[in-house]
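What's counted below: heavy atoms across the whole structure, side chains too, no hydrogens, waters or symmetry copies.
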Amino acid sequence: MITPAARALPGPGPQRVVLVATTAEVLARPDLHPSMLAPWERRRLAGIRVPGRRDDVVAARLLLRLCAARFTGRPPREIRPGQRCPACGGEGHGRPYLPGHPGVGASYSHADGLAAAAVAPGPVGIDVEPLTRRPGPLSVLRRVLPEAEVESARSGPEPGPALLRLWVREEALFKAGREDFGAAGRGEAPGADLALTEWTDHGRGAVVALAAGAPGRS
């Protein structure tokens, strides 16, 4: 069963919808089917040769539709997310969005049998990784993550999980619209309009981070 990630929904204002699931959970739902994907999404999927990774991508895109359906009150089959690149302005790649819903943020993530998605007022970014994953190499982590936090994590009793949590936070902030990945490593603040939440889904073996803006801001 896919249930809302309640810990990711703090504060007053319009409800954010945040869902975390395994790929198998998403693909088993009768109200979600790969046929719901748009032609441009299917074309992109055709380039993914590894079946498991392709399933993860399908699951994440379908889970985003479920989030948007719960947010808007419309059936998942009627949801038509788009993607727009903030750098070139092109469609079909880049950050997801919901046509006809200006000011509403959308984000999804997938990794090794896991999927996560979020829809919220204002900017939002979500990232999910398996608890067993270990980011690296260290030279990259030191470049993109706050050096003091990297060293603190490395000196702790469980450096691998601590570094993973730092990584998913940075990914979520980037997806929520912080200018570029690795800004934290240069000492740049997350941004006054972004709040960061991170939690562990032990049942699914996942660590998740959500960066979300204040309701009503775009």
Can any side-chain N or O of R44 pair as donor or acceptor with the backbone N or O of G92 at less than 3.5 Å?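 Between the backbone of G92 and the side chain of R44 there is a qualifying donor-acceptor contact (under 3.5 Å).
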Side chains of V207 and P161: does their closest heavy-atom pair fall under 4.5 Å?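 In short, these two side chains do not touch, never coming nearer than 4.5 Å.
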Is there a side-chain contact between L131 and D201, using heavy atoms and a 4.5 Å cut-off?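 Heavy-atom side-chain distance check fails, nothing below 4.5 Å.
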Side-chain donor-acceptor pair under 3.5 Å between T23 and D55, yes or no?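 No.
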Just checking, is any N or O donor in the side chain of T200 or H202 under 3.5 Å from an acceptor N or O on the other one?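 Note: T200 and H202 side chains miss the donor-acceptor criterion.
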Start with the C-alpha gap between L173 and L196, add the side-chain angles, then the distance that decides, and say whether side-chain contact (heavy atoms from CB on, under 4.5 Å) holds. CA-CA 8 Å; L173 288 167; L196 191 61; 4.2 Å; yes
In plain terms, say whether E171 and R133 are close enough for a salt bridge, that is, a side-chain N and a carboxylate O under 4.0 Å apart.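 No, this pair does not count.
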Least distance between heavy atoms, A111 atom then D56 atom: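 Scanning both residues completely, I find the closest heavy atoms to be C-OD2, 4.0 Å.
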Over all atoms of both residues, closest heavy-atom pair of R16 and G213: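 Smallest heavy-atom distance, with atoms named: NH2-O, 3.1 Å.
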Applying salt bridge (Lys or Arg N to Asp or Glu O under 4.0 Å) to R204 and E25, what does each step give before you reach the verdict? CA-CA 10 Å; R204 296 179 175 91; E25 286 174 321; 2.8 Å; yes
Are V57 and V26 connected in the hydrophobic side-chain network, where two residues link if heavy atoms are under 4.5 Å apart?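 In one cluster: yes.
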Counting neighbours of CZ on R54 that are heavy atoms of other residues, nucleotides or ligands and sit closer than 6.0 Å, is the number greater than 12?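 More than 12 heavy atoms, drawn from other residues, nucleotides or ligands, come within 6.0 Å of this atom.
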